Amino acid sequence: MRVVICGAGTAGCVTAARLSEDPTIEVVLLEAGPHYTPGNWPDSLSHAYRVIRETHDWEYFAQAGASPRLVHVPRGKVVGGSSVTNGAIALRGLPEHYDEWESFVDGYSWESMLPWFRAIEHDHQFGTSPAHGNDGPISINRHPRANWYPIFEYFAEAALSAGHPWIDDHNAPGAVGVGPTPFNMVDGARQTPADHYLDPALSRTNLSLVSGVICDRIRFSGTTAVGVEIIDGDGAERFIEADHVIVCLGTYASPALFLRSGVGPREALDPFEIPVVHESPALGNGMQDHPKISYRFWIDTPIPSWPHPWIQVLLTAYAEVAGEKRLFQVMPYVGQDTAGHKFADINLQVADARGRTGTVRLQGRDPHLQPVLSMGWLEDGSDRALSIVGGAALMELSRIAPFSDVVRSWPNQDDRDHALRTVETFHHPVGTLRMGRPDDPTAVVDGTGSVFGIEGVSCFDASIIPRIPSANTHLAVLALSERLCHAFRTREN
Ligand SMILES: Cc1cc2nc3c(=O)[nH]c(=O)nc-3n(C[C@H](O)[C@H](O)[C@H](O)COP(=O)(O)OP(=O)(O)OC[C@H]3O[C@@H](n4cnc5c(N)ncnc54)[C@H](O)[C@@H]3O)c2cc1C
């Protein structure tokens with residue numbers, strides 16, 4: 001059987017590597033960005049201590065949501081996708097939020113995901129403990145507290161003084177408190193599915209990677225997929241035949257591909273005269289993301305300059321909002337502006353975000369046009385309330401010594417509107433092709449990633465996540481795509 005995978009990002013690299021382990025499956029992996037072979041990565045990408053937005057990016061802009069602004073929402077455009085441009089923060093989130101997945105789709109819960117979280121990782125500090133893995137492809141590491149820069153130590157001391165518990169392992173099930181941030185890195189080098197899943201598999205004769213091409217649309221015969229129409233780097237159109245298409249273009253681009261292919265809500269296709277292959281009313285709706293609100297402080301203490309760690313410590317905490325226990329995350333980044341002023345951006349993440357109002361639509365039929373993105377941040381009243389409570393708690397930390405001795409706040413950050421004025425993405429959009437049960441009109445794929453109503457097409461990327469995890473999403477996408485590959489191979493063989 002010939003499987004064509006659209007998108008060599010986080011999910012696409014895992015999927016290509018796992019499916020090509022089976023010699024009866026011929027795998028073709030299609031990707032718009034460049035492929036860097038081992039040892040030839042640009043420094044900026046191979047180093048884990050930066051988020052990349054300036055290069056290897058799709059340059060998408062989005063409507064913010066409750067705050068009417070256009071905001072850059074980066075996405076990696078390179079083999080490895082956003083795993084190569086992200087912050088390399090390796091968090092799982094709390095079990096209770098994975099347990100909520102079961103309310104959408106049978107068989108999904110924390111217990112059912114834990115083996116896949118263990119399978120993907122080699123945790124250098126906790127690998128031998130029952131909740132962790134020691135043999136997986138992706139190495140996880142933390143900066144030991146003894147090596148922290150003073151600013152991070154002062155932040156932790158303020159959090160401890162405020163009553164937050166110390167935790168050694170933020171990925172231990174149920175851990176909430178302050179402690180070292182886990183990263184997918186070794187000695188500052190980013191550990192990605194491009195290097196650790198895809199590259200070792202590329203020597204297989206049944207796997208081919210085609211980079212520098214745009215996936216335009218899936219071609220159907222009736223409602224059965226027969227392949228993918230692509231556009232080469234020189235603008236030529238080509239057709240790649242497939243017995244099965246697995247879409248891994250990410251939360252923004254996957255729904256856009258389906259819409260261009262005639263799968264989606266009728267009202268989203270008609271304006272562009274796209275013939276309807278299958279009407280899928282919820283496709284492109286229900287996007288969730290973590291709203292991020294940044295609080296900037298000038299700082300008077302030595303800070304690391306690139307390429308040294310810009311993040312070392314993380315605080316997660318519960319807050320009560322309208323009688324409910326909610327979770328927020330606080331993460332200080334440090335840096336220096338062009339005038340040489342040292343700053344700390346202390347970032348608040350609405351970790352257990354509830355909002356589901358984000359959407360992806362087409363701007364036109366041309367695959368080079370970015371999709372129309374509306375993020376929906378803080379449109380949910382309880383998310384907005386949590387952002388205010390979390391922001392107040394964060395500002396409180398800045399008033400506790402020794403942290404207060406070295407930071408100076410920017411004006412108006414105590415103001416309740418700060419969140420609405422400045423909210424942006426923490427880069428974790430999910431849910432535009434949400435998993436669900438066949439009788440759920442708001443679901444687009446089933447628990448194996450197969451798209452309802454059409455044959456021969458699945459989606460394995462962040463788009464299908466039914467409820468945003470309460471942490472950064474990279475590990476969740478790795479674990480989910482591993483699980484789906486296993487299910488696919490079991491089903492096919
Ligand atoms: C700036 C940034 C920082 C982040 N920081 C963190 C972090 O520190 N920790 C964490 O856990 N998570 C982080 N994330 C989130 C995490 O990286 C994503 O959740 C995850 O990578 C999503 O995987 P994916 O496979 O769904 O999509 P992606 O990895 O984005 O892969 C999609 C792939 O499809 C390709 N593609 C798209 N459209 C087309 C097309 N039409 N034709 C051909 N190819 C196409 C893209 O180039 C890309 O390679 C961050 C994300 C970003 C963007």
Side-chain angles (χ1 to χ4, degrees), residues 4-15 29-35 48-54 56-58 60 72-93 138 140 171 181-185 190 192-194 198 209-218 228-231 233 246-257 260-261 289-290 292 310-311 314 331 333 347 349 366-371 424-433 459-465 468-469 471-481:
V4 173
I5 302 168
C6 298
T10 302
C13 287
V14 173
T15 304
L29 177 61
L30 305 172
E31 166 60 38
H35 178 221
Y49 298 144
R50 267 196 68 201
V51 165
I52 312 298
R53 312 153 193 262
E54 309 80 17
H56 303 87
D57 181 47
W58 284 87
Y60 287 167
H72 181 202
V73 288
R75 289 283 98 184
K77 187 178 188 180
V78 52
V79 170
S82 302
S83 79
V84 172
T85 59
N86 73 17
I89 294 157
L91 286 166
R92 297 168 166 182
I138 302 292
I140 311 282
N171 282 333
T181 314
F183 293 93
N184 46 297
M185 63 158 199
R190 190 186 281 280
T192 75
L198 181 64
L209 166 67
V210 187
S211 56
V213 297
I214 297 281
C215 298
D216 180 3
R217 63 182 204 105
I218 301 167
V228 180
E229 292 176 14
I230 64 168
I231 302 178
I246 301 182
V247 179
C248 295
L249 300 179
T251 299
Y252 304 138
S254 287
L257 176 84
R260 290 195 297 273
S261 310
D289 188 22
H290 287 133
K292 175 184 93 167
W310 64 315
I311 307 169
L314 166 73
M331 195 180 298
Y333 300 171
N347 298 295
Q349 168 164 293
D366 180 351
H368 297 95
L369 291 170
Q370 82 141 81
E424 52 183 327
T425 183
F426 224 158
H427 314 298
H428 309 144
V430 302
T432 48
L433 302 165
C459 180
F460 284 7
D461 65 23
S463 319
I464 69 170
I465 288 180
I468 196 165
N472 313 36
T473 43
H474 188 221
L475 292 192
V477 179
L478 287 169
L480 180 59
S481 50

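Since the model is a prediction, treat every value here as computed from it, not as a measurement. Counting starts at 1 for both ligands and their atoms, following the listed order. Note that these values count all heavy atoms, side chains included, but never hydrogens, waters or copies made by symmetry.
Centroid-to-centroid, the aromatic rings of Tyr333 and Trp310 come within less than 6.0 Å.
Between Pro193 and His474 there is a side-chain heavy-atom pair separated by less than 4.5 Å. Side-chain contact check for Ser211 versus Pro34: every heavy-atom pair is 4.5 Å or farther apart. Side chains of Arg260 and Pro367 form a contact here, defined as non-hydrogen atoms less than 4.5 Å apart. Side-chain contact between Ile89 and Ile311: present, with at least one pair of heavy atoms (C-beta onward) separated by less than 4.5 Å. Residues His56 and Arg75 are not in side-chain contact: their nearest non-hydrogen atoms beyond the backbone lie 4.5 Å or more apart. Here the side chains of Val4 and Ile246 are not in contact, with every heavy-atom distance at 4.5 Å or above.
If you look at Ala88 next to ligand 1, the close heavy atoms, those under 4.0 Å, all belong to the backbone. At a heavy-atom cutoff of 4.0 Å, ligand 1 is contacted by both the backbone and the side chain of Thr473. Under 4.0 Å from ligand 1, the heavy atoms of Val213 that appear belong solely to its backbone.
When only interatomic distances are considered, the shortest N/O to N/O separation between Gly12 and ligand 1 does not fall below 3.5 Å. The shortest N or O to N or O distance between Leu475 and ligand 1 is not under 3.5 Å. The shortest N or O to N or O distance between Thr85 and ligand 1 is not under 3.5 Å. Ligand 1 has a nitrogen or oxygen under 3.5 angstrom from a nitrogen or oxygen of His474. Residue contacts with ligand 1: Thr10 is placed with a nitrogen or oxygen under 3.5 Å of a nitrogen or oxygen of the ligand (distance criterion only). Between Gly87 and ligand 1, at least one N/O pair is under 3.5 Å apart. The shortest N or O to N or O distance between Trp58 and ligand 1 is below 3.5 Å.
Every atom of ligand 1 with a heavy atom of Val51 under 4.0 Å away is listed here by number and element: 1 (C). The contact set between ligand 1 and His428, taken as ligand atoms under 4.0 Å from a residue heavy atom, comprises 12 (N), 13 (C), 14 (N), 15 (C). Taking every heavy atom of Ala253 and a limit of under 4.0 angstrom, the matching atoms of ligand 1 come to 37 (C), 38 (N). If you number the atoms of ligand 1 from 1 as listed, the ones under 4.0 Å from a heavy atom of Lys77 come out as 47 (O). Ligand 1 places these atoms under 4.0 Å from at least one heavy atom of Gly76: 46 (C), 47 (O), 48 (C), 49 (O). Annotation for ligand 1: atoms under 4.0 Å from non-hydrogen atoms of Val78 are 47 (O), 49 (O). The distance from ligand 1 to the heavy atoms of Ala462 drops below 4.0 Å at these ligand atoms: 26 (O). Listed by number with element, the atoms of ligand 1 under 4.0 Å from a non-hydrogen atom of Gly9 are 29 (O), 31 (O), 33 (C), 49 (O).
Given atom 44 (N) of ligand 1, the protein heavy atom at minimum distance is Ala32 N, 3.2 Å. Scanning all protein heavy atoms for the shortest distance to atom 9 (N) of ligand 1 gives Ile89 O, 2.8 Å. What sits closest to atom 27 (O) of ligand 1 on the protein, heavy atoms only, is Gly250 CA, 3.7 Å. For atom 15 (C) of ligand 1, the nearest non-hydrogen atom of the protein is His427 O, 3.2 Å. Among all protein heavy atoms, the one lying closest to atom 42 (N) of ligand 1 is Cys215 N, 2.8 Å. Scanning the protein heavy atoms around atom 45 (C) of ligand 1, the nearest turns out to be Leu249 CD2, 3.4 Å. If you check which protein heavy atom lies closest to atom 35 (C) of ligand 1, you get Glu31 OE1, 3.2 Å. Nearest protein neighbour of atom 50 (C) of ligand 1, counting heavy atoms only, is Asn86 CB, 3.3 Å.
Of the options Val14, Ile464, Thr10, Thr473, a side chain to side chain contact (heavy atoms under 4.5 Å, CB included) to Leu480 is made by Ile464 and by none of the others. Screening Asn86, Asn184, Thr85 against Arg190 for a side-chain hydrogen bond (donor to acceptor under 3.5 Å, both in side chains) leaves a single residue, Asn86.
Heavy atoms of Cys248 come nearer than 4.0 angstrom to ligand 1 in at least one pair.
In this structure, CE on Met331 lies 10.0 Å from NZ on Lys292, to the nearest 0.5 angstrom. Taking SG of Cys248 as the start and CG of Asp461 as the end, the distance is 5.5 Å to the nearest 0.5 Å. In this structure, Cys6 SG and Leu257 CG are separated by 5.5 Å, a value rounded to the nearest 0.5 Å. Distance check: Gln349 CD to Thr425 OG1 gives 9.0 Å after rounding to the nearest 0.5 Å. Taking CD of Glu31 as the start and CD1 of Ile214 as the end, the distance is 8.5 Å to the nearest 0.5 Å.
Distances from atom 28 (P) of ligand 1 to the heavy atoms of Pro74, Gly7, Ala11, Ser82 show the closest one on Ser82. Across Leu30, Asn472, Leu480, heavy-atom proximity to atom 10 (C) of ligand 1 is greatest for Asn472.
Residues Ala88 and Ala48 approach most closely at CB-CB, 4.0 Å, considering heavy atoms.
A donor and an acceptor atom, one from each side chain of Asp57 and His72, are located under 3.5 Å apart.
The aromatic rings of His428 and Phe426 lie parallel to each other, their planes meeting at an angle below 30°, with 60° marking the opposite boundary.
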